[in-house]
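As structure tokens, the structure follows; a few thoughts come after it.
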Amino acid sequence: MKKLCLLGLVATLASQSVVAETKPAALKDKDAFVSDLLGQMTLDEKIGQLRLISIGPEMPREMIRKEIAAGRIGGTFNSITRPENRPMQDAAMRSRLKIPMFFAYDVIHGHRTIFPISLALASSWDMDAISRSGRIAAKEAAADSLDITFAPMVDISRDARWGRTSEGFGEDTYLVSRISEVMVKAFQGPSPAQADSIMASVKHFALYGAVEGGRDYNVVDMSPVKMYQDYLPPYHAAIKAGAGGVMVALNSINGVPATANTWLMNDLLRKEWGFKGLTVSDHGAIFELIKHGVAKDGREAAKLAIKAGIDMSMNDQLYGKELPGLLKSGEIEQSDIDNAVREVLGAKYDMGLFADPYLRIGKAEDDPADTYAESRLHRSEARDIARRSLVLLKNHNDTLPLKKSATIALVGPLAKAPIDMMGSWAAAGKPAQSVTLLDGMNAVIGEKGQVIYARGANITSDKAVVDYLNFLNFDAPEVVDDPRSAQVLIDEAVKAAKSADVVVAAVGESRGMSHESSSRTDLNIPQSQRDLIKALKATGKPLVLVLMNGRPLSILEEHQQADAILETWFAGTEGGNAIADVLFGDYNPSGKLPITFPRSVGQIPTYYNHLTIGRPFTPGKPGNYTSQYFDDTTGPLYPFGYGLSYTRFSLSDMALSSTTLNKTGKLDASVTLKNTGKLDGETVVQLYIQDVAGSMIRPIKELKNFQKILLKAGESKVVHFSITEDDLKFYNTQLKFAAEPGQFNVQIGLDSQDVQQQSFELL
Ligand code: BGC
């Protein structure tokens, strides 16, 4: 094969046309191009490509540029502006083979414009809104010279104690898989080589959301059927949608860390799923193989990881240090290294970087004068998407919407909390640019009414928790206490409440409480805020709770105390405006929970689609010897799929087009949805299926489809779902994915519990 002269290819900050003139055939053929380049590389250069480093404020840039020019770094993350990244790409262009760098970042729910956290995006059940958020994030990130994101994060989470619940899309396999596909397509656009697209790397592969006890980084022990059926499909959906990258999980799976797991990385990902992209370890994960106790030292850790198929090593030095020796001693083969390098080069090719290393960096004269310029934000889209993600949990006596002419006491530590509003993993979002609830309510109410603000409580009065949360943050303390005593704060809030028509209390968690390494044993709103709520309730004024939190909380008491509850998660840059739109009725809430709210932490796990059992609890007929906790009511506080509207919806006349289905046939399930209230509104019609008797136990129901529908007041519509054999397939004990003949129950509802049911038989 003819050798490529990369020097000539990229010497002049090559544009696509320059390259095309120089080596048309080579650049057109990815495999040939990558093979040729690989053939020219020294061992050091190859190992350099496997190194992904984090760029911190303290890093000496000159040294990094030297390393890059020497061919010893393949990519960076956390450097996020064009002026920062251009000199590094220049350094790469000075290296012997001029292999371009790529620049990565955790663009999870927005880049400069911060959209609601992922769990909130899932609450919208609105694939168009979710797609818009991903597309805008990609455009903003690409405009800041980023080539790849470590997202989407599609770990199914069924234990709300896990802090990273906030980062994923909830508990349900079907919903998360749909969103996974949408996000990959949104980030990558028509092609990851497009200048305004970024490559997606789905994470954390695999099963990270199932860490034992919800304790971060803990082990995962899971049956193969459960993996295939419930936890793996969202990653697979991302791969099928064309995700160019995969980030490997920090946890172990059935005794083998993901980072050393050849079954996971090779047999499943590459062979069974046919993945042809880049795999990246999570932060320091190769070194952690020693801590896991599967490698006795760094040398063995590097060997296990490269053998398992971990292409790039994120922020640890072990590949650089150990691979040459391992190769020399014959413990690994040249092909182990070459295969990894091939994927790195292939990903860079797919990002369009060989065609133009400056594709997303652009020319210096085009750099934004002000990185944080308002004009770079997408505020109206952020407001619209945030409104769609809010979930109305309670609205006794139509307390909401509020009148704009009212006097409103706005209290709570989250009413004026710009950092928290953005949620964790807020990428390049700037707190000063986020709209607090106080700002939003004031803007919407204008001169008509009045907002009286009082803080009322600190996030928590537990100093150790505050210290922990602030320790987690590197830049500045995030949780800043009001130094006044708890009683003084409450008294001030009560005074405000007494002089108001209605009280709005913004309560919940600070963003750091729902983050990496932020597992909790308790899902209550912290006591300081519960004391505040109690005092507010005692005033007798109508009480509206605006919840901000990154996981389901146990809010049984608050459910009893409050007249209305709006779940707002962490709603992003435009959060305050979006929440105000809903509070004052300028937008009718339409969100539905993507995760069950337990009554207490002790009930966990509470996911709706658990497997059938021999002694199920029967609602209304408790009695002994059925599955329940005898010291509390059985069942969740709010079920999966639940969420109210300011209007009312009814479902009637559910029908199936037939009582039987052939293997190749189609069945129509229909229902009449009517808006029986006085306002226009949107709701989500959900289709669940239960396989009544199979060769193994099956879930009590599974979400199989949904439609979000807008109806005018008084309007009705017949909603149709088509059911085929594919919707009935599952992984059996032999891991064969097939449907079994027999009876199936079809349920349609506006949440997972309150449903209508019909049955059919698969022939
Ligand atoms: C997280 C990843 C993240 C990486 C880089 C790790 O601590 O687990 O999700 O992508 O850091 O920021």
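In each ligand, atom 1 is the first atom listed, and ligand 1 is the first ligand listed.
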Parallel under 30°, tilted from 30 to 60°, perpendicular over 60°: which one fits the rings of His204 and Tyr208? perpendicular

Heavy-atom contacts with Lys203 under 4.0 Å: which atoms of ligand 1 show up? List them by number with element. 2 (C), 3 (C), 9 (O), 10 (O)

Ignoring hydrogens and angles, tell me if any N or O in the side chain of His109 forms a donor-acceptor pair with the backbone of Ser133 under 3.5 Å. no

Kindly assign one of parallel, tilted or perpendicular to the pair Phe205 and Tyr235, based on the angle between their ring planes and the thresholds 30° and 60°. perpendicular

May I ask you to identify the nearest protein heavy atom to atom 11 (O) of ligand 1, giving residue, atom name and distance to one decimal place in Å? Asp282 OD1, 3.6 Å

Closest contact, heavy atoms only, Gly298 versus Leu318: CA-CD2, 3.8 Å

What protein heavy atom sits nearest atom 3 (C) of ligand 1, and how far away is it? Asp106 OD1, 3.3 Å

For the aromatic rings, using the six-membered ring if either is Trp, is the centroid distance between Tyr174 and Trp125 under 6.0 Å? no

Check each atom of ligand 1 against the heavy atoms of Met247 and keep those under 4.0 Å away; list them by number with element. 2 (C), 10 (O)

Taking the six-membered ring for Trp, are Phe77 and His283 parallel (under 30°), tilted (30 to 60°) or perpendicular (over 60°)? perpendicular

Which of the ligand 1 atoms, numbered from 1, are nearer than 4.0 Å to a heavy atom of Phe77: 5 (C), 12 (O)

By number and element, which atoms of ligand 1 are closer than 4.0 Å to a non-hydrogen atom of Glu516? 1 (C), 6 (C), 7 (O), 8 (O)

Identify, for atom 9 (O) of ligand 1, the protein heavy atom at the shortest distance, and state residue, atom and that distance. His204 NE2, 2.7 Å

Give a yes/no verdict on whether any heavy atom in Arg164 is under 4.0 Å from an atom of ligand 1. yes

Kindly confirm or rule out a cation-pi arrangement of Arg511 over Phe570, judged by NZ or CZ under 6.0 Å from the six-membered ring centre and within 45° of its axis? no

Using a strict 4.0 Å cut-off to heavy atoms of Phe150, name the atoms of ligand 1 that fall inside it. 10 (O)

